[in-house]
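Step one of this worksheet: look at the structure below.
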Number of protein chains: 2
Amino acid sequence: MTSGLRERKKLATRLALHQAALQLVAEHGLDGVSVDDIAARADVSPRTFFNYFPTKDDAVVGIDASAVGQAAERFAARPASESPVEALRAVHALQAAEMADEPETLWPLRLRVIDEHPVLLARLHAVFASAERALAEAIAARTGTTVGPDVYPTLLAAVSGAALRCGLHAWLASDFTASLPALVDEAWDVLAAGLPAPRR
Amino acid sequence: MTSGLRERKKLATRLALHQAALQLVAEHGLDGVSVDDIAARADVSPRTFFNYFPTKDDAVVGIDASAVGQAAERFAARPASESPVEALRAVHALQAAEMADEPETLWPLRLRVIDEHPVLLARLHAVFASAERALAEAIAARTGTTVGPDVYPTLLAAVSGAALRCGLHAWLASDFTASLPALVDEAWDVLAAGLPAPRR
DNA sequence: CGCAACATTGCACGGACTGCACCTTTCGCG
DNA sequence: CGCGAAAGGTGCAGTCCGTGCAATGTTGCG
């Protein structure tokens, strides 16, 4: 399927560039690192860098566009007996588990770096937003609504992104000692209850 | 208070630059317009452009940082008898009304242009995100929670942003014939009900 | 009026990103 | 095995963005 020396090498240099970008930025800050630096550490020419990422910022965030549609696909594949919220919770449980388990400590490092650079946060949000657009379509299809005029699909998609981001934020705040899936699930509990003020 | 020829002139050129950017981009696309073009249409030197906006994209979006903390301040000023959600709804009602009433058709044009350029959407989201951070603090203060470990303040702040963005999106989809405050309020109804699947 | 503060501008520079042309490597196939 | 086609890697030249600095106007105030 994905075999072939060519494919594997591309994946490898892509990852190398991403990790080089992350480490260097963690060390010297976003403005203290140039594309040339990143390319040098990944052992490719500066020009090649742009064959892999359209932007320096994208290399730091390092999320491929292919992963974007994933959430929407998984949502669409859930049994029709589930309510939209139930289905989304299930999708997020899977997604959160994958993020927490990912090889290396990639996500922690990513989140730490992104947290220190608002520009990168915006970039991450852009990725989420694009995923949410696809998700809104899937929600509309499931509920018989329409993305344009009806608020529901857009709202639920946006809220799901909020839940996930919120979980990631709390995960970072816990210094990655908490369980990401548990945090995301907690957020969904609050949402499903209609956002009541927490009892103190 | 804000009088003084100097202040007014600054505001004027700022607005001129913003409108020039908006119109030109609406006409030629984001990549078809350079900073020099924008500065030329606003009758200032290209160098001066950067005294007003740190970035070309920011000039197109054209929202000043001062407006960012506004939502949090208004939220904090709401009577303590209101629940967080009630208070937020009230703040949004005001904010939505202001946006819909703004002089000229600024918001419609803005939204149309932003809708066509994902980069600008990211920029807008960044503004929202920064407002949400301030809001999260205010929510935490009101509910006796803490932004770091507790999910509630971050979640509610993010969700409120989602509601507003969602209203704006539907407003755009209606070609600005619908009532923005009504759309935002509708989103809040769904949120307060725990996001139930819409009846068909 | 005259001075101090502030805004505008030009200049020069470094870095991001792109189109193009050329070279090297991999792949598919006989 | 080897050859031709396809695709990736690289260098070059160029455009535009964004910034620090220094010079030049403009405004406000005593």
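Side-chain atoms are counted along with the backbone in the values below, which use heavy atoms only and exclude waters and symmetry mates. All chains are named by letter (A, B, ...) in the order of the sequence lines, taking the proteins before the strands, and each is independently numbered beginning at 1.
In this structure, the CG atom of Asp57(B) is 16 Å from the P atom of dC16(D), given to the nearest Å. Look at CG on Leu17(A): it is 14 Å from P on dA16(C), rounded to the nearest Å. Taking atom CZ of Arg6(A) as the reference point, atom P of dT24(C) lies 16 Å away to the nearest angstrom. Rounded to whole angstrom, the span from the CZ atom of Phe50(B) across to the P atom of dG18(D) amounts to 5 Å. Spacing between atom CG of Asn51(B) and atom C1' of dC17(D) amounts to 15 Å, rounded to whole angstrom units. When rounded to the nearest whole Å, the span between NZ of Lys10(B) and P of dA5(C) equals 17 Å. At whole-Å resolution of the value, CG in Asp37(A) and P in dA16(C) are 8 Å apart.
Geometric assessment of Lys56(A) against the ring of Phe50(A) yields a negative cation-pi assignment under the 6.0 Å and 45° thresholds.
Of the side-chain N and O atoms in Ser34(B), none sit less than 4.0 angstrom from OP1 or OP2 of dT15(D). Taking side-chain N and O atoms only, Tyr52(A) has a distance below 4.0 Å to OP1 or OP2 of dG9(D). Contact annotation: Thr48(B) side-chain N/O to dA7(C) OP1/OP2 distance is not under 4.0 Å.
The residue from Leu17(A), Leu22(A), Leu124(A), Leu24(A) that alone fulfils the side-chain contact (heavy atoms from CB on, under 4.5 Å) condition with Val60(A) is Leu22(A).
Using a 4.0 Å cut-off between charged side-chain N and carboxylate O, Glu73(A) and Arg78(A) make no salt bridge.
Using a 4.0 Å heavy-atom distance criterion, Phe53(A) is classed as making no nucleic acid contact. Using a 4.0 Å heavy-atom criterion, one finds that Phe49(B) contacts no nucleic acid atom at all. Contacts of Pro46(B) with the nucleic acid, taken as non-hydrogen atoms under 4.0 Å apart, are absent. Using a 4.0 Å heavy-atom criterion, one finds that Asp36(A) contacts no nucleic acid atom at all.
The residue among Lys56(B) and Lys9(B) whose nearest nucleotide of DNA chain D lies closer to the 5′ end is Lys56(B).
A donor-acceptor pair is defined here as one N or O able to donate and one able to accept, closer than 3.5 Å; such a pair exists between the side chain of Asp37(A) and the backbone of Ser34(A).
Between Trp171(B) and Phe176(B), the ring planes lie perpendicular to each other; the angle is over 60°, past the 30° to 60° tilted range.
No hydrogens or angles were tested; on distance alone, nothing pairs the side chain of Arg47(A) with the base of dG9(D) as donor and acceptor under 3.5 Å.
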